[in-house]
Amino acid sequence: MQWDKEAVFNALGDFTRRRIIDELSERNEMTLYELMARLIMKHRLSISRQAVAKHLAVLESAGLVNSEKRGKYRVIVFNREPLKHLL
């Protein structure tokens with residue numbers, strides 16, 4: 001699959017989105033709640049659930065994350081492929 005390099009660089013251009021990628025790269029997948037907790041506790045970010053959802057939408061459009069509904073939880077999964085293709 002061909003990845004849009006511009007979209008990947010745009011997604012990685014934001015500090016908060018890079019923190020999200022950092023967290024997902026450590027655990028590969030998390031629920032939205034787990035991700036929020038780690039961003040607030042570990043990185044001391046003051047951020048709303050809606051703001052994280054907007055950042056995730058940008059990351060998802062760049063192909064860096066995928067999300068799926070599992071029961072009542074939204075699970076975010078890190079996709080390394082676009083980053084591999086940049087190198």
Side-chain angles (χ1 to χ4, degrees):
M1 180 175 190
Q2 188 68 11
W3 304 104
D4 182 4
K5 291 179 183 180
E6 194 68 32
V8 173
F9 281 119
N10 179 50
L12 295 175
D14 182 80
F15 172 81
T16 304
R17 289 193 286 268
R18 288 193 306 271
R19 296 295 80 75
I20 291 170
I21 292 295
D22 286 345
E23 289 303 318
L24 289 170
S25 69
E26 287 180 16
R27 296 187 56 198
N28 196 38
E29 69 176 42
M30 289 185 210
T31 65
L32 183 55
Y33 177 80
E34 291 170 325
L35 180 58
M36 287 287 304
R38 290 181 66 91
L39 291 173
I40 291 168
M41 299 299 289
K42 184 177 176 184
H43 298 285
R44 305 256 187 240
L45 292 178
S46 176
I47 191 166
S48 69
R49 183 178 171 273
Q50 291 80 12
V52 171
K54 286 183 181 182
H55 285 299
L56 287 171
V58 172
L59 291 169
E60 195 161 5
S61 69
L64 292 166
V65 300
N66 298 313
S67 65
E68 58 187 54
K69 199 83 160 138
R70 291 187 193 163
K72 63 180 181 176
Y73 299 104
R74 180 177 177 200
V75 178
I76 298 101
V77 181
F78 180 46
N79 180 16
R80 291 173 169 77
E81 292 303 313
L83 296 176
K84 288 179 183 177
H85 285 84
L86 288 179
L87 304 174

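Quick note: numbers below take in every heavy atom, side chains included, and nothing from hydrogens, waters or symmetry partners.
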### Query
Are any of the side-chain heavy atoms of N10 and D4 separated by less than 4.5 Å?
no
side-chain hydrogen bond (donor to acceptor under 3.5 Å, both in side chains) pairs touching residues 43-54, sequence neighbours excluded, are E23-H43
Salt bridge (Lys or Arg N to Asp or Glu O under 4.0 Å) filter on R27, not counting sequence neighbours, yields E34
For E68, the salt bridge (Lys or Arg N to Asp or Glu O under 4.0 Å) test, sequence neighbours excluded, returns R70
Q: Would you confirm whether R18, through its side chain, and L12, through its main-chain N or O, come within 3.5 Å as a donor-acceptor pair?
A: yes
For a 4.5 angstrom cut-off between non-hydrogen side-chain atoms, does L59 reach I76? no
Residues F15 and L45: closest non-hydrogen pair is CE2-CD2, 3.8 Å
In short, salt bridge (charged side-chain N to carboxylate O under 4.0 Å, His left out) pairs touching residues 77-87 with sequence neighbours left out are E81-K84
Besides V77, the hydrophobic cluster formed by Ile, Leu, Val, Met, Phe, Trp and Tyr side chains linked at under 4.5 Å, directly or via other members, contains V75
*Shared hydrophobic cluster, V52 / F78 (ILVMFWY, side-chain heavy atoms < 4.5 Å)*: yes
Heavy-atom closest pair (A62 atom, A7 atom, distance to 0.1 Å) is CB-O, 3.5 Å
Next on the checklist: For a 4.5 angstrom cut-off between non-hydrogen side-chain atoms, does V65 reach I21?
Outcome noted: yes
CG (N66) and CG (L56) are apart, to the nearest 0.5 Å, by 11.0 Å
Sorted by chain and number, sequence neighbours left out, salt bridge (Lys or Arg N to Asp or Glu O under 4.0 Å) with D14 holds for none
Subject >> Minimum side-chain heavy-atom gap H55-I47 below 4.5 Å >> reply: yes
Requested in this report: Give a yes or no on whether the backbone of L32 and the side-chain of R74 come within a donor-acceptor separation of less than 3.5 Å.
Outcome: no
| Heavy-atom side-chain contact between L64 and L24 under 4.5 Å | no
*Can you get from I20 to F9 by hopping between Ile, Leu, Val, Met, Phe, Trp and Tyr side chains that sit under 4.5 Å apart?*
yes
NE2 (H85) and NZ (K5) are apart, to the nearest 0.5 Å, by 9.5 Å
